[in-house]
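Contents: one structure, followed by commentary.
It should be emphasised that the depicted structure is a prediction, and the values quoted were computed from it without experimental measurement.
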Amino acid sequence: QVQLVESGGGLVQAGGSLRLSCAASGNIFSINTMGWYRQAPGRQRELVAIISSGGSTNYADSVKGRFTLSRDNAKNTMYLQMNSLKPEDTAVYYCNAKVGGMPLDAWGQGTLVTVSS
């Protein structure tokens, strides 16, 4: 099994920055693609960014140029650096991992990011 623990959420003013972390434990050798999703009140959950085990990244159009996703395999940790935050970035952010050999993805507990105007 794989466990994901998130940290770094909080309250920030528009234009500010936050860095989210997701630490993986358990059968970390089985983790392939990891990513961040977010869900704002009254909205559907959406993919923010994904990263492969080799470090290849893809971003949602809404965050390109502002967010940077990285993965430290030695520390079994994924990071989401969020710059130039906007009020519309306000959401609960969830860490996700595609686990080889498992029927379901691993998910973190979620961390709330609130961007004030």
Side-chain angles (χ1 to χ4, degrees):
Q1 60 182 9
V2 173
Q3 298 82 41
L4 304 176
V5 179
E6 300 161 309
S7 62
L11 175 64
V12 65
Q13 294 191 129
S17 299
L18 285 173
R19 188 179 74 161
L20 305 183
S21 299
C22 175
S25 61
N27 189 17
I28 54 93
F29 297 102
S30 67
I31 298 177
N32 295 311
T33 301
M34 298 185 71
W36 289 93
Y37 291 73
R38 67 185 181 186
Q39 187 167 21
R43 299 183 182 273
Q44 296 183 354
R45 187 172 299 186
E46 64 175 345
L47 177 66
V48 177
I50 55 174
I51 187 168
S52 71
S53 60
S56 179
T57 57
N58 286 282
Y59 300 89
D61 288 342
S62 60
V63 306
K64 285 182 179 178
R66 300 188 298 119
F67 291 9
T68 302
L69 186 62
S70 61
R71 182 175 180 177
D72 188 339
N73 289 334
K75 296 181 179 180
N76 302 317
T77 302
M78 178 179 63
Y79 306 96
L80 183 66
Q81 178 66 47
M82 305 185 294
N83 298 326
S84 302
L85 283 163
K86 305 174 181 179
E88 49 262 45
D89 294 318
T90 296
V92 177
Y93 285 71
Y94 297 91
C95 178
N96 169 270
K98 309 294 182 183
V99 182
M102 297 295 291
L104 300 175
D105 291 357
W107 290 91
Q109 78 285 354
T111 185
L112 177 63
V113 172
T114 303
V115 184
S116 62
S117 60

Shortest non-hydrogen pair, A14 vs P87, comes out as CB-CD, 4.1 Å

Note to self: In this structure, would L112 and Y94 fall into the same cluster of hydrophobic residues linked by side-chain contacts under 4.5 Å?
What the structure shows: yes

| task | Check whether any side-chain heavy atom of N76 sits under 4.5 Å from a side-chain heavy atom of F29, and report yes or no. | result | no

dist Y79:OH -> L20:CG (nearest 0.5 Å) comes out at 12.0 Å

**Asked** For the hydrophobic clusters of this structure (ILVMFWY residues joined by side-chain heavy atoms under 4.5 Å, transitively), does one cluster hold both V99 and W36?
**Response** yes

Interatomic distance, OG@S62 vs NZ@K86, rounded to 0.5 Å, equals 8.5 Å

Show me, pair by pair, the donor-acceptor contacts under 3.5 angstrom made by side chains of residues 6-13, not counting sequence neighbours?
residue: E6; atom: OE1; partner: Q109; partner atom: N; Å: 3.2
residue: E6; atom: OE1; partner: G110; partner atom: N; Å: 2.3
residue: E6; atom: OE2; partner: C95; partner atom: N; Å: 2.2

Would you check if there is a donor-acceptor pair between the side chains of S17 and N83 at a distance under 3.5 Å? yes

So CG of D72 and CE of M78: to nearest 0.5 Å the spacing works out to 12.5 Å

Rounding to 0.5 Å, atoms OG (S30) and CE (M102) come to a distance of 7.5 Å

Residue pairs meeting salt bridge (Lys or Arg N to Asp or Glu O under 4.0 Å), one or both in residues 100-117, sequence neighbours left out, come to K98-D105

Contacts of T57 meeting side chain to side chain contact (heavy atoms under 4.5 Å, CB included) (sequence neighbours excluded), chain-then-number -> I51, Y59, L69

Same cluster or not: L4 versus L104, using hydrophobic residues (I, L, V, M, F, W, Y) connected whenever any side-chain heavy atoms lie under 4.5 Å apart? no

Residues pairing under salt bridge (Lys or Arg N to Asp or Glu O under 4.0 Å) where one sits in residues 50-60, two or more places apart or in two chains, turn out to be none

query = For the side chain of R66 and the backbone of S84, is there at least one donor-acceptor N/O pair under 3.5 Å apart?
reply = yes

For V115, is there any backbone N or O sitting under 3.5 Å from a side-chain donor or acceptor partner on T90? yes

task: Would you check, one step at a time, whether the test side-chain contact (heavy atoms from CB on, under 4.5 Å) holds for V113 with L18?
output: CA-CA 9 Å; V113 172; L18 285 173; 3.9 Å; yes

Separation between CZ (R45) and CG (N96), nearest 0.5 Å, reads 9.0 Å

Quick one: does any side-chain atom of T77 pair with a main-chain N or O of K75 as donor and acceptor, under 3.5 Å? yes

Here the gap from I28 atom CD1 to S53 atom OG, rounded to the nearest 0.5 Å, amounts to 11.0 Å

Quiz item: With a 4.5 Å heavy-atom cut-off, do C22 and M34 have their side chains touching?
Solution: yes

For residues 23-41, the salt bridge (Lys or Arg N to Asp or Glu O under 4.0 Å) pairs (sequence neighbours left out) are R38-E46, R38-D89

Residue pairs meeting ring-ring contact (aromatic ring centres under 6.0 Å, His included), one or both in residues 95-115, sequence neighbours left out, come to Y37-W107

